[in-house]
Amino acid sequence: MKHFPRIFLIAVVGCMLLAAYGASSTPGGTPTPATTSITLNVFAATSLTESFNAIATAYHQMHPNVTIKFNYNGSQILEQQIANSAPADVFASADSANMTKASDAGLVNTSRIFVKNRLVVILPINNPGNITSLKDLAKKGIKIDLEATAVPAGKYSRQVLDNLSKSPGYGASYASAVLSNVVSLEDNVKAVVQKVQLGEADAGFVYRTDVTAAVASKLKVIDIPDPYNVIAQYPIAVVKSSTHASEAQAFISFVLSPAGQTILAKYHFITTSV
Amino acid sequence: MPLPLQKQFSAHNTWSRWSARLLVGVLAASFFLFIGIPLAALVIREPPALLWLAISQPEALQAVQLSIITTSISTLLTVVFGLPVAYVLARLRFPGRAVLETLVTMPTVLPPVVAGVALLITFGRFGLLGRYLSPLGITLPFTTVAVVMAQIFVASPFFINSAKAGLEQLDRRYELAAYTLRASPLYAFRRIVFPLIRPALLSGIGLAWARALGELGATITFAGNFPGTTETTPIAVYIAAESNLESAVALSVVLLAISFGLLLALRLGRNRIRG
């Protein structure tokens, strides 16, 4: 106990040295290219994480002077951040609603749909609920994990259920039967993936793109036929307050180009025909 | 002309005393403002009528009710299980004690979501222990029991550490004196130890309760979110903040009011015992 203060002091000094090291090493790590290097802040929906990271790598190879920094979050949160003057150059939303909100508030330039996404039903690989079709989701006692209605995916899932209820094959009571099996309303899509992947829920509604390479081996996927599905549209736009508007526009052009679209397709997005 | 030595000293003393007071005052006041202004900002953001409307929504009431019930149970269980833990750590010397002491504090370091994942892979349907429970028809995730478990996991270190500190600072001679007067260990604890560590216990209870009331990450990960069974007030606030900031702020104010009332009551109770 007597040596406690000394040990504490050593620990504190150690932490400060580490912090100083970290602080000094960061700027030293980036070489200064001949042309002025710039950083683009791209605010993108969480579901774009893997694909946009790949796009950034490809883009940086072509434009070594442009470094892309991502801020991934729910589109509704990104919109709020931009509205509160966060330093963003590009906004890529997972739904039109939040882009419209940003555009109505005069925060962004004209947006373009750059990619689409569809919903699927995922099951744990061992399928504890013994589900083989969408109809089985209405079986009594099945545990279904869904997003809350505030989350776009949650809104779309309910639309899918309504669409299925209107079809004679499923019957009018289908949606309510499925909804009565819901055990949890998650705040984001990844939380649904997590609970289904761990086998806690028997089924969940997520975007096709959420079945990433990392989790694909732990999940089974049931497709929702396109006529009943909700196709989510992803708009992208330059943020008006951007100080690198032309570079931001160049990045968006790359996302829309065949090269960018090929990368997005690799991550199971539905690409737009450019 | 120089002042007499004595006068010089006292002038110096008064000056340093006042400058010290000023420094402490300025530092303390700026901290109170740092904590107080954001909290006040929440309270004054929405007009009272709107606050009332948001609070009187059935879902909001349900969430507040669930929060009060689950945190009461989790705090009670924390005391029942945590007090022996604090006693063992404060009184007994055995190999590995330091490890256990550190272990007990770990849940406060862990990001709550990770704590939730840990609970899920332990008590979940296919978890380390959960897989033996499910054949018995017991599944914990998505139940109110899971909410209580998450709260205990995250909040109990606050009680245990406070109780342990109380026991460590206790002058053992009082207790030993009781033993020389042939008091039984239980009697000595009840009549000597307990009254002396009561302030530490109450502040520990307050901290643990408040932490449980604010618990979000571990709960939503382990127990999920469903109105009436697992949607506690912080989760309701979190979900509401995605679409409706007004009702999120209103619910936060309720949460603040409950926590403030609870902590203040415990503090006043503690002071009364002291005085």
Exercise. What's the verdict on side chain to side chain contact (heavy atoms under 4.5 Å, CB included) for Asp202(A) and Arg125(B), showing C-alpha distance, side-chain angles and the deciding distance?
Worked result: CA-CA 11 Å; Asp202(A) 298 320; Arg125(B) 246 200 310 190; 2.6 Å; yes

Exercise. Does NZ belonging to Lys69(A) count more than 12 external heavy atoms closer than 6.0 Å?
Worked result: no

Exercise. Can you name the closest pair of heavy atoms from Ser184(A) and Gly224(B) and give their distance?
Worked result: OG-CA, 3.1 Å

Exercise. Quick one: of Ile235(B), Thr143(B), Thr229(B), Ile239(B), who has the most non-hydrogen atom pairs under 4.5 Å with chain A?
Worked result: Ile239(B)

Exercise. Is it the side chain or the backbone of Ala240(B) that comes within 4.5 Å of chain A heavy atoms, both, or neither?
Worked result: neither

Exercise. Which atom names give the shortest non-hydrogen contact between Gln194(A) and Val117(B), and what distance separates them?
Worked result: NE2-CG2, 3.2 Å

Seminar exercise, completed: Of Gly199(A), Pro124(A), Gly74(A), the largest count of non-hydrogen pairs under 4.5 angstrom with chain B goes to Gly199(A)

Exercise. Can Leu185(A) and Glu231(B) be said to form a side chain to side chain contact (heavy atoms under 4.5 Å, CB included), step by step?
Worked result: CA-CA 9 Å; Leu185(A) 304 168; Glu231(B) 188 175 74; 5.7 Å; no

Exercise. At a heavy-atom separation under 4.5 Å, does Ala191(A) approach chain B through its side chain, its backbone, both, or neither?
Worked result: neither

Problem set entry | Proximity breakdown for Ile77(A) and chain B, heavy-atom pairs closer than 4.5 Å | side chain

For this session: Begin with the C-alpha distance, continue with both residues' side-chain angles, and end with the deciding distance and a verdict on side chain to side chain contact (heavy atoms under 4.5 Å, CB included) for Asp187(A) and Asn225(B).
Result: CA-CA 9 Å; Asp187(A) 70 294; Asn225(B) 166 43; over 6 Å; no

Problem set entry | Option in Val113(B), Thr230(B), Thr221(B) with maximal non-hydrogen atom pairs under 4.5 Å from chain A | Thr221(B)

For this session: Please assess Lys143(A) against Thr139(B) for the test side chain to side chain contact (heavy atoms under 4.5 Å, CB included), listing each intermediate value before the final yes or no.
Result: CA-CA 12 Å; Lys143(A) 290 182 179 171; Thr139(B) 47; 3.5 Å; yes

For this session: Kindly compute the distance separating CZ (Phe142(B)) from CG (Asp145(A)), expressed to the nearest 0.5 Å.
Result: 5.0 Å

For this session: Measure Ile121(B) against the heavy atoms of chain A and call it side chain, backbone, both or neither at under 4.5 Å.
Result: side chain

For this session: Heavy atoms only: give me the nearest Val182(A)-Phe226(B) pair and the separation to one decimal.
Result: O-CE1, 3.3 Å

Problem set entry | Flag if over 12 foreign heavy atoms under 6.0 Å of CZ, Phe94(B) | yes

Problem set entry | Contact class of Gln76(A) relative to chain B, heavy atoms under 4.5 angstrom | side chain

Problem set entry | Region of Tyr238(B) in contact with chain A, defined by heavy-atom distances below 4.5 Å | side chain

For this session: For residues Pro141(B) and Glu200(A), report the shortest heavy-atom separation together with the two atoms involved.
Result: CG-OE1, 3.2 Å

